[in-house]
Amino acid sequence: MNDAERGRSRMVELLQRQGISDSGVLDALRRVPRELFVPTVFRPHAHADRALPIEAGQTISQPFIVAYMTERLELSADHKVLEVGTGSGYQAAVLAMLCRRVYTMERSRVLLALARRRFEDLGLVDVISRLGDGWRGWSEQAPFDRIIVTAAAPELPPDLVGQLAENGRMVVPIGPEQGDQTLVLVTRNAGEFAQQRLLPVRFVPLVSHARTGRGAAPG
């Protein structure tokens with residue numbers, strides 16, 4: 001076992017002590033090399049339970065939040081998942097260990113290019129990525145069994161809700177950029193939607209060209 005593998009094992013042990021119990025999720029975080037998803041200068045801290053800076057002024061979420069959100073999705077091997085906010089690509093890589101296919105969207109060309117390179121290096125052929133406005137989702141591939149949003153929206157994005165399949169689950173942070181945010185679980189059963197508040201969180205805002213009036217989403 002090399003240093004990186006030992007670091008991931010210690011990280012997973014900490015997550016277990018924090019209440020993460022899904023063996024599939026824990027195994028996914030043990031297998032995905034988080035150290036490859038952070039800038040080189042931060043690699044000594046890659047397995048600490050903390051958010052870290054990445055390119056384009058963004059952050060990679062702390063491992064607990066990645067594990068917690070993934071666990072709440074209740075993934076199975078046949079699921080098709082939409083991720084809004086590719087960022088470093090780490091969350092998508094974790095999802096790819098647990099489901100059939102991941103569709104991930106990012107509005108930053110820089111972040112998307114770096115994430116795609118990591119997906120290719122790791123052989124993650126079941127991760128499909130695109131540049132675009134996450135607020136609008138990915139209607140061409142809808143519906144999705146599961147949706148995960150890694151940036152905070154001021155309210156539930158209606159297009160994303162509409163792209164959730166029957167018996168689907170969506171995990172999304174809700175709240176203002178400079179105020180209280182809450183992680184929310186949205187479920188769809190028999191055509192009815194329900195919401196459950198999970199825990200307080202802090203995410204970067206979910207930016208939408210459609211809402212800000214700055215023109216069409218990048219293509």
Side-chain angles (χ1 to χ4, degrees), residues 28 32-39 42 46 51-63 65-66 69-70 73 75 79-142 144-154 156-161 163-164 170-174 177 181 183 201-219:
V32 175
R34 191 172 190 259
E35 63 275 8
L36 300 185
F37 290 84
V38 299
F42 294 114
L52 292 171
I54 60 171
E55 297 80 4
Q58 300 299 302
T59 59
I60 180 174
S61 294
Q62 70 182 100
I65 291 295
V66 173
M69 293 177 72
T70 305
L73 289 175
L75 292 164
H79 282 153
K80 181 171 73 170
V81 179
L82 172 65
E83 179 196 31
V84 174
T86 310
S88 70
Y90 179 67
Q91 175 73 78
V94 170
L95 296 171
M97 301 292 113
L98 298 162
C99 66
R100 174 172 60 89
R101 184 155 296 172
V102 179
Y103 293 86
T104 182
M105 302 182 65
E106 174 56 54
R107 65 184 299 273
S108 165
R109 294 180 186 273
V110 171
L111 290 178
L112 188 61
L114 290 169
R116 282 174 169 169
R117 190 178 309 158
R118 292 169 182 137
F119 298 151
E120 182 177 356
D121 290 345
L122 294 172
L124 299 177
V125 296
D126 292 327
V127 177
I128 312 300
S129 60
R130 115 180 218 189
L131 194 72
D133 186 346
W135 190 272
R136 295 173 174 171
W138 198 327
S139 59
E140 299 91 337
Q141 296 295 338
F144 296 96
D145 302 297
R146 301 290 189 264
I147 299 176
I148 182 170
V149 184
T150 61
L156 277 178
D159 287 344
L160 294 182
V161 173
Q163 291 172 25
L164 191 61
M170 175 167 64
V171 178
V172 52
I174 299 293
E177 179 178 359
Q181 299 173 1
L183 197 64
V201 290
R202 174 64 59 194
F203 280 85
V204 297
L206 178 63
V207 178
S208 168
H209 292 269
R211 290 173 57 79
T212 59
R214 287 181 292 178

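- Between the side chain of Gln163 and the backbone N or O of Arg136, at least one donor-acceptor pair lies under 3.5 Å.
- Atom CG in Asp133 sits 9.5 Å away from atom CZ in Arg130 (nearest 0.5 Å).
- Between Arg100 and His79 there is no side-chain heavy-atom pair separated by less than 4.5 Å.
- Looking at Gln181, its side chain does come within 3.5 Å of a backbone N or O of Phe203 through a donor-acceptor pair.
- Within the 3.5 Å criterion, the main-chain N or O of Ala51 finds no donor-acceptor partner in the side chain of Thr59.
- The CE atom of Met170 sits 5.0 Å away from atom CG of Leu156, with the distance rounded to the nearest 0.5 Å.
- Under a 3.5 Å cut-off, the side chain of Arg202 and the backbone N or O of Glu177 do form a donor-acceptor pair.
- Of all the heavy atoms in Pro154 and Trp135, the pair that sits closest is CD-CZ3, 3.8 Å.
- The two residues Ala92 and Val102 make their nearest non-hydrogen contact at O-CG2, 4.1 Å.
- Checked against ring-ring contact (aromatic ring centres under 6.0 Å, His included), Tyr90 has the following partners two or more places apart in sequence or in another chain: Phe37.
- Expressed to the nearest 0.5 Å, how far CD1 of Ile60 lies from OG of Ser88 amounts to 3.5 Å.
- Here the side chains of Arg101 and Val81 are not in contact, with every heavy-atom distance at 4.5 Å or above.
- Using a 4.0 Å cut-off between a side-chain N of Lys or Arg and a carboxylate O of Asp or Glu, Arg146 and Glu83 do not qualify as a salt bridge.
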(request) Walk me through it: do Gln91 and Thr70 pass the test side-chain hydrogen bond (donor to acceptor under 3.5 Å, both in side chains)? (result) CA-CA 8 Å; Gln91 175 73 78; Thr70 305; 2.9 Å; yes
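- In this structure, CG in Asp126 is found 12.0 Å from CG in Leu95, a value given to the nearest 0.5 Å.
- Heavy-atom contacts from other residues, nucleotides or ligands closer than 6.0 Å to CD of Glu120 number 12 or fewer.
- Counting all heavy atoms, side chain and backbone alike, Ser61 lies closest to Arg34 at O-NH2, 2.7 Å.
- Smallest separation of non-hydrogen atoms from Leu124 and Ala96: CD2-CB, 4.4 Å.
- Asp159 contributes no side-chain N or O that, together with a main-chain N or O of Gly137, makes up a donor-acceptor pair within less than 3.5 Å.
- Looking only at side-chain heavy atoms (C-beta outward), Leu82 and Leu160 come within less than 4.5 Å of each other.
- One N or O on the side chain of Ser108 and one on the backbone of Leu111 form a donor-acceptor pair closer than 3.5 Å.
- A donor-acceptor pair under 3.5 Å links the side-chain atoms of Lys80 to the main chain of Gln141, judged by distance alone.
- Using a 4.5 Å heavy-atom cutoff, the side chains of Val171 and Val149 are not in contact.
- Note that CG of Leu112 is 12.5 Å distant from CZ of Arg107, once rounded to the nearest 0.5 Å.
- A donor-acceptor pair under 3.5 Å links the side-chain atoms of Thr150 to the main chain of Val84, judged by distance alone.
- At distances below 3.5 Å, at least one donor-acceptor pair connects side-chain atoms of Arg118 with backbone N or O atoms of Leu36.
- When all heavy atoms are compared, the tightest approach of Phe119 to Val127 is CE1-CG1, 3.6 Å.
- If you take CD on Glu140 and CH2 on Trp138, they are separated by 8.0 Å, rounding to the nearest 0.5 Å.
- The two atoms that bring Pro173 and Leu183 nearest to each other are N-CD1, 3.9 Å, heavy atoms only.
- A heavy-atom distance below 4.5 Å is found between the side chains of Pro39 and Ile54.
- Between the side chain of Glu106 and the backbone N or O of Leu131 there is no donor-acceptor pair closer than 3.5 Å.
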